[in-house]
Peer 1: 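Submitted below is the structure of interest, expressed as structure tokens.
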Amino acid sequence: MQPPVTPPDDLSDLLSRARSIAGWSFGELAIMAGIEIPKHFKRHKGWTGQLIELWLGATAGSKPQQDFPELGVELKTIPIDAAGNPLETTYVCYTPLLPVPGSSWQRSNVRNKLSCVLWVPVEGERTLAVEHRRVGSAVLWSPTEEELSLLEQDWNELNDLIIAGQIERITSRHGQVLQLRPKAANGRVLTDAIGEEGQRIKTRPRGYYLRKTFTQAILHRAFYQQE
DNA sequence: GAATGATCATGC
DNA sequence: GCATGATCATTC
């Protein structure tokens with residue numbers, strides 16, 4: 001078995017690829033792909049995501065679009081514990097901190113990215129050696145009306161605060177399902193934003209993240225439906 | 001123990 | 001610096 005060299009032809013091709021790696025360990029998949037296995041992720045935080053991208057035939061790169069543009073599908077690996085619950089929040093995308101003309105929830109990057117996601121659960125407990133961690137069964141998900149509504153509410157609330165110059169008052173506690181948190185190489189990275197008096201200020205870049213309770217519900221529902 | 005805020009690698 | 005891939009580690 002070897003990683004594909006071309007993107008999946010269609011959705012069933014993508015799902016078939018996902019099924020083919022389910023149950024395999026990171027070590028097995030890395031050896032077959034000819035890539036090195038880190039001992040831990042302290043300096044290799046995106047390693048698992050890139051391993052799965054490779055095996056599903058996603059185009060590597062830093063495009064602000066979906067992983068499979070032709071299929072309209074975004075890929076997300078999600079680390080889970082032994083009970084199948086998420087160990088980490090899920091990064092969605094960067095947040096514009098300056099007003100975007102004509103911006104709206106409907107046109108937002110959050111909505112675009114989350115319109116259809118292939119969730120690939122992976123074993124993520126730190127006590128498990130990286131090479132022994134296994135890939136789980138992928139879940140193809142599109143938000144329900146209720147989920148869409150929650151996301152829209154949070155996006156609107158957070159976006160309103162940003163536009164109103166309240167960025168420095170926003171913490172991860174805002175939002176029911178979506179949070180805003182720093183997203184940068186380190187604390188010295190700064191970008192432009194709107195200050196309290198409407199003036200231009202410098203602040204740390206922020207990104208949207210999905211709360212664990214939200215992704216847990218997605219995985220649980222998918223698992224429940226398979227029973 | 002969990003969550004928040006901070007950080008790491010990479011390409012351009 | 002922006003954007004991808006996220007997890008780390010200090011704080012609560």
Side-chain angles (χ1 to χ4, degrees), chain A residues 3 7 21 26 29-30 33 35-69 73-83 85-98 100 108-110 112-114 117-131 133 135-136 138 154 158 162 167-193 200-216:
Chain A
I21 58 169
F26 294 3
L29 293 173
I35 60 178
E36 289 187 16
I37 305 158
K39 285 281 182 288
H40 53 72
F41 291 151
K42 184 172 180 178
R43 295 186 177 277
H44 300 274
K45 297 183 181 182
W47 188 84
T48 310
Q50 287 162 2
L51 178 72
I52 303 303
E53 280 184 350
L54 180 67
W55 277 98
L56 296 185
T59 315
S62 57
K63 292 166 297 191
Q65 292 307 312
Q66 293 153 318
D67 293 292
F68 300 101
V73 175
E74 171 74 9
L75 173 65
K76 288 290 177 198
T77 61
I78 182 163
I80 57 172
D81 64 18
N85 294 323
L87 286 164
E88 297 287 350
T89 54
T90 301
Y91 170 69
V92 180
C93 60
Y94 255 97
T95 325
L97 295 179
L98 292 176
V100 177
S108 72
N109 210 200
V110 174
N112 179 47
K113 289 233 176 179
L114 298 183
V117 177
L118 183 67
W119 297 96
V120 179
V122 295
E123 289 181 330
E125 285 175 333
R126 296 194 202 182
T127 52
L128 243 186
V130 170
E131 60 177 320
R133 297 182 194 177
V135 177
D154 286 349
L158 293 166
I162 293 168
I167 182 64
E168 299 294 11
R169 300 172 104 90
I170 300 176
T171 73
S172 325
R173 297 162 192 85
H174 286 82
Q176 303 171 75
V177 298
L178 210 53
Q179 352 170 254
L180 208 56
R181 306 220 306 274
K183 170 67 173 168
N186 56 59
R188 280 119 257 157
V189 176
L190 297 174
T191 193
D192 289 334
R200 191 70 62 93
I201 62 168
K202 288 286 186 184
T203 190
R204 285 151 37 252
R206 311 295 211 281
Y208 286 111
Y209 292 79
L210 293 175
R211 291 187 180 281
K212 284 193 261 185
T213 47
F214 186 75
T215 51
Q216 177 176 359

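Side chains included, hydrogens not; waters and symmetry mates left out as well; all remaining heavy atoms used. In what follows, chains are A, B, ... by sequence order, proteins preceding strands, each numbered from 1.
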Peer 1: Test of understanding: with salt bridge (Lys or Arg N to Asp or Glu O under 4.0 Å), list the residues that count as partners of Lys183(A), not counting sequence neighbours.
Peer 2: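 Lys183(A) satisfies salt bridge (Lys or Arg N to Asp or Glu O under 4.0 Å) with no residue once adjacent residues are dropped.
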
Peer 1: Take atom NZ of Lys212(A) and atom P of dC8(C), then tell me their distance rounded to the nearest Å.
Peer 2: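 In whole Å, dC8(C) P lies 12 Å from Lys212(A) NZ.
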
Peer 1: Once you apply a heavy-atom cut-off of 4.0 Å, does Gln66(A) come out as touching a base, just sugar-phosphate, or nothing?
Peer 2: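 Answer is nothing: Gln66(A) stays at 4.0 Å or more from every strand.
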
Peer 1: Can you sort out which residues in residues 118-131 of chain A have a heavy atom within less than 4.0 Å of DNA chain C? Ascending by number, please.
Peer 2: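 DNA chain C contact set from residues 118-131 of chain A: Arg126(A).
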
Peer 1: Using heavy atoms to find the nearest nucleotide of DNA chain C for Leu75(A) and Leu190(A) separately, return the residue whose nucleotide is more 5′.
Peer 2: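 First, find each residue's nearest nucleotide; the 5'-ward one identifies Leu190(A).
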
Peer 1: Please state how far atom CZ in Arg133(A) lies from atom C1' in dA6(C), giving the value in whole angstrom units.
Peer 2: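 Computing the Arg133(A):CZ to dA6(C):C1' distance gives 13 Å.
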
Peer 1: Could you check whether the side chain of Lys45(A) and the base of dT7(B) have a donor-acceptor pair of N or O atoms closer than 3.5 Å, going by distance alone?
Peer 2: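 Result: at least one qualifying N/O pair found.
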
Peer 1: With the threshold set at 4.0 Å, does a side-chain nitrogen-carboxylate oxygen contact exist between Glu53(A) and Lys76(A)?
Peer 2: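 Salt bridge: no.
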
Peer 1: With nearest nucleotide decided by heavy atoms, which residue, Ala184(A) or Lys202(A), maps closer to the 5′ end of DNA chain C?
Peer 2: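 Residue closer to the 5' terminus by nearest nucleotide: Lys202(A).
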
Peer 1: Between Tyr94(A) and Tyr208(A), is any pair of side-chain heavy atoms under 4.5 Å apart?
Peer 2: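 No, every pair of side-chain atoms sits at 4.5 Å or beyond.
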
Peer 1: Base, sugar-phosphate, or nothing: which does Thr171(A) touch, judged by heavy atoms less than 4.0 Å apart?
Peer 2: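 Result for Thr171(A) = sugar-phosphate.
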
Peer 1: So what does Arg206(A) hit on the nucleic acid, given a heavy-atom distance under 4.0 Å: a base, only sugar-phosphate, or nothing?
Peer 2: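 If one applies the 4.0 Å heavy-atom cut-off, Arg206(A) turns out to touch nothing in the nucleic acid.
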
Peer 1: Keeping the roles fixed (side chain from Asp67(A), backbone from Ala58(A)), state whether a donor-acceptor pair exists under 3.5 Å.
Peer 2: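 Checking the backbone N and O of Ala58(A) against the side chain of Asp67(A), no donor-acceptor pair under 3.5 Å is found.
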
Peer 1: Check this for me: does the side-chain of Tyr91(A) come within 3.5 Å of the base of dA3(C) through a donor and an acceptor?
Peer 2: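 Check fails, no donor-acceptor contact within cut-off.
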
Peer 1: For Arg188(A), check salt bridge (Lys or Arg N to Asp or Glu O under 4.0 Å) against everything at least two apart and list the hits.
Peer 2: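 For Arg188(A) there are no salt bridge (Lys or Arg N to Asp or Glu O under 4.0 Å) partners, ignoring immediate neighbours.
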
Peer 1: Whether the side chain of Lys183(A) and the base of dG5(C) hold a donor-acceptor pair under 3.5 Å is what I'd like checked.
Peer 2: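 Per atom types, the contact qualifies.
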
